[in-house]
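One-based numbering, in listed order, for ligands and for the atoms of each.
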Amino acid sequence: MNEIRYVRASTPAQAVALASAEPDTAFVAGGTELTNLMRDGVQVPGLVVDVNRVAERGIEWQPGRVRIGALARMAEVARDTGVRHRLPVVSTALLASASGQVRNMASIGGNLLQRTRCWYYRDTALPCNARVPGSGCPALAGENRWHAIFGGSESCIRVHPSDLAVALTALDATVLTQGPGGARRLPIETLHRLPGDAPHRETVLEHGELVVAVEVPATAMAARSRYRKVRDRASFEFALVSVAVALELRGRTVRDVRIALGGVAPRPWRAREAEDVLRGERLTDAAVAAAGAVAVRGAVPREHNAFKLDLVSRTLAGVLGELGGGR
Ligand code: SF4
């Protein structure tokens with residue numbers, strides 16, 4: 001039996017010092033992810049550092065942006081009036097995540113840092129390069145219906161599971177951290193790593209580095225935004241494909257747009273070429289179709305997930321139609 005020690009930190013500096021002093025530690029806030037990993041034997045830390053008393057929990061509106069504490073619960077953020085009206089892509093993404101019970105407990109920081117849902121990763125009886133480096137990736141030639149069509153490597157083709165991370169990527173949010181080397185501000189798009197030949201590292205965070213808050217620009221485009229998630233069942237399910245869009249129109253012309261895709265890559269996947277196709281164009285069926293085609297350019301589908309290409313294009317068209325009020 002493994003001994004697991006538990007410490008409740010009282011300051012951010014203490015939490016970072018405790019976690020970084022030992023090689024085998026984990027932070028816990030809501031506990032909805034860590035307890036699953038520990039119960040299944042996927043991650044069994046020697047020391048669990050409780051950060052519920054040290055990280056931020058509030059939702060603070062500032063001129064042109066909002067700062068959301070990493071400890072804010074998903075449900076609190078989803079129902080915040082300002083978030084619903086000024087950042088609807090965030091509230092719709094949160095409400096599409098997990099279940100009501102989980103959203104009441106799970107923290108914003110924990111949601112962004114959840115590990116892949118790849119079923120090989122979660123089953124300790126099977127090899128997986130992300131769990132046991134060098135053991136192999138059975139998904140490459142196995143059941144890869146959920147896996148990546150962008151950004152994978154011959155070591156790993158996982159997808160990142162957070163809906164919120166996709167929404168925040170479409171809004172160019174910033175993740176604020178406190179670590180052994182001090183405070184950092186990370187563009188959300190840089191938080192998650194592509195697997196390359198080191199698939200066991202899913203983020204760029206250093207050992208012992210704590211996410212303390214997220215800053216989100218509250219722009220005109222953010223107020224006209226939406227998240228759509230396609231999944232096998234309507235509740236408590238991860239995305240096969242998801243699309244987050246923020247759109248600014250002048251009349252019927254696209255003044256600016258941000259598009260991020262989920263369920264398709266090891267990190268939220270920004271579709272910049274599709275944005276370029278739309279920017280400055282009238283939001284017509286032809287423009288939307290062109291953006292949908294460009295959004296999947298360069299994809300590398302596997303044996304069981306080529307359906308994601310068409311699903312991305314159709315889902316993007318649906319969200320643009322919703323935000324544009326029909327074409
Ligand atoms: Fe493991 Fe990644 Fe392969 Fe899944 S895709 S089995 S997480 S190495």
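The aromatic rings of W119 and H147 sit perpendicular to each other, their planes meeting at more than 60°, with 30° as the lower class boundary.
Under the 4.0 Å criterion applied to side-chain N and carboxylate O atoms, R272 and D276 are not assigned as salt-bridge partners. Residues E281 and R252 are not paired through a salt bridge, judged by the lack of any N-O separation under 4.0 Å between the basic side chain and the carboxylate. By the 4.0 Å N-to-carboxylate-O rule, R145 lies close enough to D232 to be salt-bridged with it. A salt bridge links E215 with R185; the closest basic N to acidic carboxylate O contact falls under 4.0 Å. A salt bridge is absent between R255 and E275; no separation between the charged side-chain nitrogens and carboxylate oxygens falls under 4.0 Å.
The nearest protein atom to atom 8 (S) of ligand 1, hydrogens excluded, is given as S155 O, 3.3 Å; this is a heavy-atom distance. The shortest contact between atom 5 (S) of ligand 1 and any protein heavy atom is with I157 N, 3.3 Å. Given atom 2 (Fe) of ligand 1, the protein heavy atom at minimum distance is C156 SG, 2.3 Å. With respect to atom 6 (S) of ligand 1, the closest heavy atom belonging to the protein is Y120 CB, 3.4 Å.
Checking C128 against atom 4 (Fe) of ligand 1, every N/O/S atom stays at or beyond the 2.8 Å cut-off. Within the coordination shell of atom 2 (Fe) of ligand 1, defined by N, O or S atoms under 2.8 Å, C137 is absent.
Using a 4.0 Å cut-off to heavy atoms of N129, the atoms of ligand 1 that qualify are 1 (Fe), 8 (S).
The part of C118 lying near ligand 1 is the side chain, judged by heavy-atom distances below 4.0 Å.
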